[in-house]
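Encoded as C-alpha cells, the structure appears first; notes follow it.
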Amino acid sequence: MSDVAKESLNFIEQIIHDDLETNPNITVHTRFPPEPNGFLHIGHVKAICINFETAKKYGGKTNLRFDDTNPLTEKTLYVDNIKNDIKWLGYDWEDREYYASDYFQQLYDFAVDLIKKGLAYVDESTPEQIAEMKGTTTSPGVDSPARTRSVEENLRLFEEMKDGKHPDGSMVLRAKVDMKHPNMLMRDPNIYRIKKATHHRTGDDWCIYPLYDFAHGQSDSIENITYSLCSLEFRHHRDLYNWLIEKLEIFPSRQIEFARMNVEYMITSKRRLLKLVNDNLVTGWDDPRMPTISGMRRKGYPPAALRTFVDKVGVAKRDNLIEIGLLESCVRDELNKTTARVMGVLDPLKLIITNYPEGQVEQMEAVNNPGDESMGTRSIPFSRELYIEQGDFMEDAPKKFFRLGPGKTVRLKNGYIITCEDFKKDENGKVVEVHCKYYPDSRSGSDTSGIKAKGVLHWVSIGHAVKVTINNYHRLFTVEQPLADPDKDFMEFFNNNSLEVLDNVYVEPSLLTAKVGERFQFMRKGYYCLDTTSTEDNLVFNSTVGLKDSWAKKNKKK
RNA sequence: UGACCCAUGGUGUAAUCGGUAACACACCAGUUUUUGGUUCUGGCAUUCAAGGUUCGAGUCCUUGUGGGUCAACCA
C-alpha cells in the first residue's frame with residue numbers, strides 16, 4: 001500500500017516545497033531570534049517550534065541568535081534563562097549560538113556602504129521633528145533638511161558618532177528611502193542611534209547601536225538564513241528588509257510571517273506580566289500560573305505536550321483565539337501516558353473498617369500505569385483506619401452516586417470491597433467518621449467474593465500516610481480575553497482566587513522518594529508535579545491539570 | 001479618511017492543475033473500565049455577503065461587509 005496520502009502542508013511549508021522544486025539544492029536554514037530582555041512565554045513557544053520544526057522537516061538547521069542591539073534592556077541572565085528554556089522544550093541549536101552583537105563591526109561596515117551609495121544620511125533633527133516630518137498614514141511625509149547632505153559629510157559625521165563625539169540623542173543615521181512611501185516604515189527609517197551605555201557582551205566598545213531594521217535582516221543574511229519565520233506584526237518591516245538586502249547586495253534571506261497565537265485566559269504582554277510580578281500577585285516569573293515557559297515547566301506541563309499543542313494549533317495568517325482546553329488536552333494526553341498513578345486524599349474523612357483486625361497491615365500491590373505495563377508496580381500499606389475524600393461520602397446519596405453512603409458498597413482501589421454500616425457527625429452536623437465492614441475474600445487481584453461494586457475509591461492508610469501541601473492553581477484571569485475591552489484595565493479581571501493552598505492532604509508513602517519536577521496522577525483527582533519549594537519535611541505539589549470529570553460536569557448541568 | 005494582511009462548524013486548522021467539505025479539541029449519546037480517568041463507536045458546518053466566469057467555485061474575478069496591522073533614537 002503506497003503511503004502517498006498527500007500530507008497537507010501549511011502555507012510556509014508550501015512555499016519551501018515550491019522553492020525546493022525549482023532549486024533542490026536549497027538548504028533550509030531558520031533561526032529563533034529572541035531579545036535577551038525577559039523571559040520566554042507561550043508565544044515564543046510557537047515561534048521556537050515553527051522555526052525548529054520547519055528546518056527539521058526539510059533536513060535543515062536552526063540558529064539561536066540573540067537580538068541584542070539595545071544595551072539598556074539586555075542582560076546575560078536572560079540569555080542563560082532563554083537557552084535553558086529552549087533546551088527544555090527539546091530543541092538543539094548545536095554550535096550555532098549567535099549574537100547580533102557579534103556583527104557590530106560588520107553592521108557598521110554595511111552602514112558605511114549604504115552611505116557611500118548615497119542611501120543613508122546623518123540627521124540631527126530631534127525625535128519630535130523626525131516624527132513630524134514622517135507624515136501620517138494618510139498623508140505623505142516631507143524630506144528632512146539633512147537629506148541632501150553630501151556623502152563625505154555623512155561619512156565624517158557617522159564616524160564621529162561612532163567615536164563618541166556626539167551626545168546621546170543628538171543625531172541618528174537614517175536610510176534614504178522615500179518620505180512619501182505608503183508604508184510608514186519606508187519613510188527614511190532610523191537605522192543607527194547613539195547610546196553611551198555598556199552592552200552586556202561588547203561592554204563599552206561601541207556607543208552607536210543599529211536599530212532592529214538594520215540588525216535583524218542583516219544578521220539573517222550574514223548567517224545565510226534562507227527562511228526568516230516571524231509573526232505577522234513584522235509584515236510591514238518586510239519591505240525594508242528586502243530593500244536593505246537589495247541595496248546592500250547581500251544574501252537574500254526571505255522573511256515569511258505567520259499569525260501569532262492568542263490563548264484564552266493568557267496574556268503575553270511583558271509589561272503586564274511584569275506588573276503581576278512587581279505587585280506580588282504571583283511569586284515570580286516562574287510562578288506556575290504564569291504563561292512563561294519556566295512557569296509552565298514548574299506547573300508540570302511536559303515539553304512534549306507543548307510541542308504537540310503548537311503542532312495542533314497549526315500555522316496560518318488569520319487572527320485566532322485558541323481554547324485553553326486544547327492545551328490542557330495535550331497536557332493530559334501526555335501525562336496519561338507517562339505518569340505513575342498514586343493515591344492522595346485532598347480533603348480527608350476518617351474511615352474505620354470495623355471488622356479489620358487492629359494493628360494488622362497488609363501490603364497491597366498497585367499497578368503504576370494501567371496503560372503501560374513497563375512502568376511496573378508498587379506496594380501500598382492497607383490498615384484498619386484510612387482516609388477517604390469527604391466528597392466520596394454522602395449521607396443522603398442519590399441512586400447514581402457510585403460512592404459511599406449508608407448501606408452503600410464500594411471497592412477501595414487496590415484493596416477490599418467495603419460496605420458502609422454507620423457514620424458519626426460532629427456538633428455541627430459534619431460527617432467526621434465512616435464505619436464500614438470489609439469482605440476478606442474481596443482482596444484486589446484475588447477476589448472470590450462475587451460481590452459487585454460499581455464505585456471505586458482512592459484512600460490512604462492513616463498510620464502510614466504522608467502529610468503534604470498542595471497548591472491548586474486556577475486561571476489567572478476571570479475572562480477569556482482580559483485585554484479585549486479597551487475601556488477596562490486587565491487588572492479588573494485578575495482572579496484573586498487563582499491560588500488555593502491545601503495543607504491537610506495525605507498521600508501514600510511511596511511519594512516520599514519523589515523528585516522535584518516529577519509528575520504524578522493522583523487517581524481520580526488530577527495531575528500534580530513536585531514543586532521546587534519542597535523540602536524533606538514538607539512535600540509541595542503543584543496542580544498541573546485536572547482529570548476530565550464527567551460526573552462533576554453532569555451535576556453542574558442539573 | 002491611506003497601505004498592507006485576513007475571513008471555512010463552538011475553537012484551531014485541511015481540502016496542492018477549480019470536481020462536490022477532512023482532522024483535532026470541545027460538545028452530545030453509547031461502549032469499555034478495580035480511576036465517573038483511559039479505550040472504542042456514533043452524532044454534530046455547505047465555506048462572511050452579493051454578483052460574475054464555469055458543466056462544476058471554499059478555491060478564480062468584481063464589489064461590499066467584518067476583523068487585524070502600520071508612524072518608538074524598542075524588538
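Here is the naming used below: chain letters follow the sequence lines, and residue numbers restart at 1 for every chain. Remember, it's a predicted structure, so these values are computed and weren't measured experimentally.
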For this session: Taking the six-membered ring for Trp and the full ring for Phe, Tyr or His, determine whether the centres of His200(A) and Tyr78(A) are under 6.0 Å apart.
Result: no
Exercise. Under 6.0 Å between the ring centres of His199(A) and Phe104(A)?
Worked result: yes
For this session: Let me have a per-nucleotide readout for nucleotides 63-75 of chain B, 5' to 3', with B, S or -, counting only protein heavy atoms under 4.0 Å.
Result: ----SSBBB-BSB
Exercise. Is the backbone N or O of Gly300(A) less than 3.5 Å from a side-chain atom of Arg519(A), with the two atoms forming a donor-acceptor pair by type?
Worked result: yes
For this session: Would you kindly compare Thr138(A) and Val315(A) by the position of their nearest RNA chain B nucleotide and give the one closer to the 5′ end?
Result: Thr138(A)
Problem set entry | Nucleotide nearest Lys312(A) (side chain, heavy atoms from C-beta), chosen from C27(B), U35(B), A24(B) | A24(B)
Seminar exercise, completed: The nucleotide from U35(B), C6(B), G36(B) with an atom nearest the side chain of Lys317(A) is C6(B)
For this session: Test for a donor-acceptor pair under 3.5 Å between the base of U34(B) and the side chain of Arg411(A), counting only N and O atoms.
Result: yes
For this session: Please state whether the phosphate of G36(B), meaning OP1 or OP2, lies under 4.0 angstrom from any side-chain nitrogen or oxygen of Lys400(A).
Result: no
For this session: Mind calculating the distance between NZ (Lys554(A)) and C1' (G37(B)) to the nearest angstrom?
Result: 16 Å
Problem set entry | Closest to side chain of Arg318(A), choosing from A24(B), G36(B), A14(B) | A14(B)
Problem set entry | Nearest-neighbour nucleotide for the Lys454(A) side chain, U38(B), C27(B), U33(B) considered | U33(B)
For this session: Look at the rings of Phe401(A) and Trp551(A) and say which category their plane angle falls in: under 30° parallel, 30 to 60° tilted, over 60° perpendicular.
Result: tilted
Problem set entry | N/O donor-acceptor pair under 3.5 Å between Thr308(A) side chain and Cys330(A) backbone | no
Problem set entry | Separation of the P atoms in C61(B) and C6(B), to the nearest angstrom | 12 Å
Exercise. Per the atom types in the model, does the base of U35(B) pair as donor or acceptor with the side chain of Gln521(A) at under 3.5 Å?
Worked result: yes
For this session: May I ask you to verify whether the side chain of Arg403(A) and the base of G36(B) hold a donor-acceptor pair under 3.5 Å?
Result: yes
Problem set entry | Euclidean distance for C1', A57(B) against U20(B) (whole angstrom) | 10 Å
Seminar exercise, completed: The residue, Gly314(A) or Asp333(A), whose nearest nucleotide of RNA chain B is more 5′ is Gly314(A)
Exercise. Does Lys162(A) make a cation-pi contact with Tyr108(A) (under 6.0 Å, within 45 degrees of the axis)?
Worked result: yes
Problem set entry | Heavy-atom closest pair, residues Val315(A) and Phe258(A) | CG1-CB, 3.8 Å
